[in-house]
Amino acid sequence: MTDSTSNIDYKNLGFNYVKTKCFVMYKWSDGKWDLGKLYDDTNINIHIMSGIFHYGQSLFEGLKAFRSKNDDILVCNSNASAERMQFGCHRILIPEVSTKMFNNAIDKTLLNNLEFFPPYDSEGCMYIRPFIFASGVKLGLGPSTEFTFIVLVNPVGKYYNRKIKCKVIENYDRSAPLGVGNIKMGGNYAADMLPSIESKKGGYDIALYLDAKEHRYIEEFSTSNFVAIDKDGCYVTPKSNSILKGNTNSLLRMLAKDRGIKVKVREIDFNEIKTFQEICACGTAVVLSPIKSITRGNETYDVPEFNILKSLKNDLLQIQKGDKKDKYNIIRCLPTTSVI
Ligand SMILES: Cc1ncc(COP(=O)(O)O)c(C=O)c1O
């Protein structure tokens, strides 16, 4: 943990908390959001009867911004993050943050923390963490009277530094078929901690969940989507209502189509994995991280390649850094001279 830019080794950042200069916080009460303010003290005052503590009413997002060669700040796919948070708000009765307010909050936080922004040539970038929770006082179960929306930023590097070993989770489910696995709700991640820690103790880096009903179809990893290249060279990723709609996965599917790769979003029977040439964990934090092996019970499948998905990863990284044309309009460019 640091709050001094001089201590940051931008070449070896990893994915750890770094205290930056400030964050932005907005409050909702009486039916509307206030105008939001910047704060530098990272301890905030919350009532002990807030809905977040007792009923887990909270959502978060994760997205990234990059420094371009000519020093602009490039925010990647923030509209998609705003929309996903709005979808979650609807499900767990939190007042929506408009896309405009979401983007303004991000821009304000980024531009006021420029001194913590990893340089263009560092392989690092700025991770953006918007989150929203019930901060109103209520004893009985019901929607809160006050909500808080915060955006903080944190310089990051690589999530994984090696190919990863994966374990299939058998004794727990991540989400029910009609549950809340398709929203980025805090509680989903609490439920995953024990299964993930147990698999880490067994020497695995990442946990893979199957569908809760039959334990037959692949769903997703703890904090990322499952993507693969099948025996016909197609990009495949699971179709399920109980997984998170990954924004990285959506972008990669567009990039795959552009390279003439057929994309299939469909149910994936676990038994099929032996026919997959390439398998990756896919998400904002992990980008596309190659899976080395997948173990279920006593059987391990070694994934042979990382070629097609590697080229898609490079395409994405180049767009994110402004080195390749963004024909999908996913990047918002903030000149560092902007004042907010
Ligand atoms: C459960 C889960 N699935 C998938 C993803 C990937 O989503 P995205 O690409 O939008 O980061 C995440 C990322 O946070 C996640 O937590």
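Along the sequence shown, residues carry numbers from 1. Computation of the quantities below employed the complete heavy-atom set of this structure, encompassing side-chain atoms and omitting hydrogens, waters and symmetry-equivalent molecules. For clarity, every value in this text was computed on a predicted model and none was experimentally measured.
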Got a salt bridge between [X] and [Y], using NZ or NE/NH1/NH2 to carboxylate O under 4.0 Å?
X    : Y    : value
R216 : D269 : yes
E146 : K27  : yes
E61  : K184 : no
E272 : R266 : yes
D205 : R162 : yes
R67  : D72  : no

Is a donor from one side chain sitting under 3.5 angstrom from an acceptor on the other, for [X] and [Y]?
X    : Y    : value
S98  : Q86  : no
R332 : S78  : yes
N79  : N103 : yes
S222 : D192 : yes
D107 : N104 : no
Y172 : E198 : yes
E219 : S242 : yes
R129 : Y127 : yes

*Plane angle bin for W33 and F149 - parallel if under 30°, tilted between 30 and 60°, otherwise perpendicular*: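 Plane angle over 60°, so perpendicular.
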
*When rounded to the nearest 0.5 angstrom, what is the spacing between CD1 in I294 and CD1 in I206?*
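The CD1 atom of I294 sits 9.5 Å away from the CD1 atom of I206.
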
_Pi-cation contact, F270 with R296 (under 6.0 Å, within 45°)_ =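 Checked: cation-pi criterion met.
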
_Quiz item: cation-pi between K321 and Y120, 6.0 Å / 45°_ =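 Yes, K321 lies over the aromatic ring of Y120.
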
_If you take the centroid of each ring, where Trp contributes its six-membered ring, are F15 and Y160 closer together than 6.0 Å?_
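Not under 6.0 Å, so no.
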
*Looking only at heavy atoms, what is the nearest atom pair of C282 and L288, with distance?*
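Looks like CB-CD2, 3.8 Å.
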
_Does E299 have more than 12 heavy atoms from other residues, nucleotides or ligands lying within 6.0 Å of its CD?_
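Counting neighbours around CD of E299, 12 or fewer heavy atoms of other residues, nucleotides or ligands fall under 6.0 Å, so no.
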
*Expected output: side-chain S122 to main-chain P118 donor-acceptor under 3.5 Å*: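 No; judged by distance alone, with no hydrogens or angles, the pair does not exist.
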
